[in-house]
Amino acid sequence: KTFLEWSKQQHRPKTHELHSGNCATLKRFFRGKWLDEITHGMVEDFKLARARERRWGDEKGSAVSPVTVNRALSTLRLLFHYADRCGFQVANPVKNVEFFRETGRTRTIALEEERAYLATASQPLKDIARVMLDTGMRPDEVFRIEVANVDLDQRTIFNPFGKTAAAKRKLTMTDDVFAILQRRAMNSNTKYVFPSPDDLERPIASVRKAHDGAVRRAKISPVFRLYDLRHTYASRAVMAGFHLPTLGALLGHTTHQMTTRDVHPAAAHKREATAKNEDVKAAS
């Protein structure tokens, strides 16, 4: 309870919601234990047991993903860090636990997939996706765009949020993004461009159900995450010849390694790059 009260003050609403859900899961396994009674072996047992559980929802009956298990472990690790800062002399049993490897999730989307996806996307997902594809902004950055930070005269968006100075940046709008933000800003009765449908004083928190529905209706396989639109922007920017330091600044990265991590060339782009290399060889 104390940890979640602290999290509510320190973290974004979506992050706090994640920790809250993880704590409910952790209590199922560790209820009745004092912090100093939880051992490294217990955490390992939790990791394996949780990975064998079945999940519910759109994928009823499928196994809990490695990502979900890792997020719960991250919450537990942070909880022990918080306890240490509060003066409790407890060893962190998560310290040497090896997290599951997370693979096979990141990808870029092809232009034909983009068209099919946007054609079936409902609002405000359709506008949010277009902003992400044209600016490379993170989903939560788009969710929290404020009308006051949209400069229609200069055609820029200022993002004041982020853990680093690089994340706080100004981005130039494309024509499509300008049209979207102009329409939404002029018709907004709240400070947010994408307000929550349940509370106009707060930004929208998620479009997960709308996204999953759009992907399903567009019959896109393999499926992709909303965050992959940011990866798509980065990969297309590299193919268009963007200088990596410039792209890093646009993405809000602090290092070149972070930028290259977000670049995932599609198969067509790889073939194009190979063909260009062959042309160079033939001309030499």
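When reading the values below, keep in mind they use all heavy atoms of this one structure, side chains included, and skip hydrogens, waters and symmetry mates. The structure displayed is predicted, hence computed values, not measured ones.
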Test item: Asn159 and Leu171 side chains (from C-beta on) under 4.5 Å apart, heavy atoms: no
Phe88: what forms a side chain to side chain contact (heavy atoms under 4.5 Å, CB included) with it, not counting sequence neighbours? Ala83, Cys86, Val90
Could you check whether Lys209 pairs with Asp212 (Lys NZ or Arg NE/NH1/NH2 to Asp/Glu carboxylate O, under 4.0 Å)? no
Contacts of Ala129 meeting side chain to side chain contact (heavy atoms under 4.5 Å, CB included) (sequence neighbours excluded), chain-then-number -> Tyr117, Leu118, Leu229
Roughly how far apart are Arg216 CZ and Thr120 OG1, rounded to 0.5 Å? 9.5 Å
Looking just at side-chain N and O atoms, do Arg230 and Tyr227 make a donor-acceptor pair shorter than 3.5 Å? yes
Just say parallel, tilted or perpendicular for the rings of Phe46 and Phe29, cut-offs at 30° and 60°. perpendicular
Not counting sequence neighbours, list each pair that qualifies as a salt bridge (Lys or Arg N to Asp or Glu O under 4.0 Å) and has a residue in residues 32-43. none
Check this for me, if you would: do Arg12 and Asp140 make a salt bridge, where the nitrogen-to-carboxylate-oxygen distance has to be below 4.0 angstrom? yes
Write down the atom of Gly252, the atom of Arg138, and the distance for their closest heavy-atom approach. O-NH2, 3.8 Å
Can you confirm whether Val97 sits close enough to Glu44 that some side-chain heavy atom of one is under 4.5 Å from a side-chain heavy atom of the other? yes
Could you list the donor-acceptor pairs under 3.5 angstrom formed between side-chain atoms of residues 72-82 and any protein atom two or more places apart in sequence or on another chain?
| from | atom 1 | to | atom 2 | distance (Å) |
| --- | --- | --- | --- | --- |
| Ser74 | OG | Asn70 | O | 3.0 |
| Thr75 | OG1 | His19 | ND1 | 2.8 |
| Thr75 | OG1 | Asn22 | ND2 | 2.8 |
| Thr75 | OG1 | Arg71 | O | 3.2 |

Kindly say whether the aromatic ring centers of Phe224 and His211 come within a distance under 6.0 Å. yes
Please identify each residue that fulfils salt bridge (charged side-chain N to carboxylate O under 4.0 Å, His left out) with Lys191, with sequence neighbours left out. Glu146
Could you tell me which non-hydrogen atom of Lys168 sits nearest to which non-hydrogen atom of Pro160, and how far apart they are? CG-O, 3.4 Å
To the closest 0.5 Å, what do you measure between CG (Leu26) and CZ (Phe3)? 9.0 Å
Going by side chain to side chain contact (heavy atoms under 4.5 Å, CB included), name the residues that satisfy it together with Pro203, two or more places apart in sequence or in a different chain. Arg144, Tyr192
Sequence neighbours excluded, which residues qualify as salt bridge (charged side-chain N to carboxylate O under 4.0 Å, His left out) partners of Asp134? Arg130
Not counting sequence neighbours, which residues clear ring-ring contact (aromatic ring centres under 6.0 Å, His included) with Phe242? List them please. none
So, for Asp127 and Arg184, which heavy atoms are closest and what is the spacing to 0.1 Å? OD2-NE, 2.8 Å
With sequence neighbours excluded, residues passing salt bridge (charged side-chain N to carboxylate O under 4.0 Å, His left out) with Lys126: none
Where Ala121 and Ala214 come nearest, the two heavy atoms and their spacing: CA-CB, 3.9 Å
Glu5/Lys8 salt bridge by N-O under 4.0 Å criterion: no
A side-chain contact here means heavy atoms from C-beta on lying under 4.5 Å apart; do Val177 and Ile157 qualify? yes
Where do Thr68 and Arg50 come nearest, in terms of heavy atoms and distance? CG2-NH2, 3.9 Å
NZ or CZ of Arg155 within 45° of Phe178 ring axis and under 6.0 Å: yes
Side chain to side chain contact (heavy atoms under 4.5 Å, CB included) involving Leu111 - partner list, sequence neighbours excluded: Glu114, Arg115, Arg236
Scan residues 19-30 for pairs that pass salt bridge (Lys or Arg N to Asp or Glu O under 4.0 Å), counting only residues two or more places apart or in two chains. Arg28-Glu53
Kindly write out the residues that satisfy salt bridge (charged side-chain N to carboxylate O under 4.0 Å, His left out) with Arg217, not counting sequence neighbours, or none if the list is empty. none
Identify the two heavy atoms, one from Asn187 and one from Arg183, that lie closest to each other, and give their separation to 0.1 Å. ND2-O, 3.0 Å
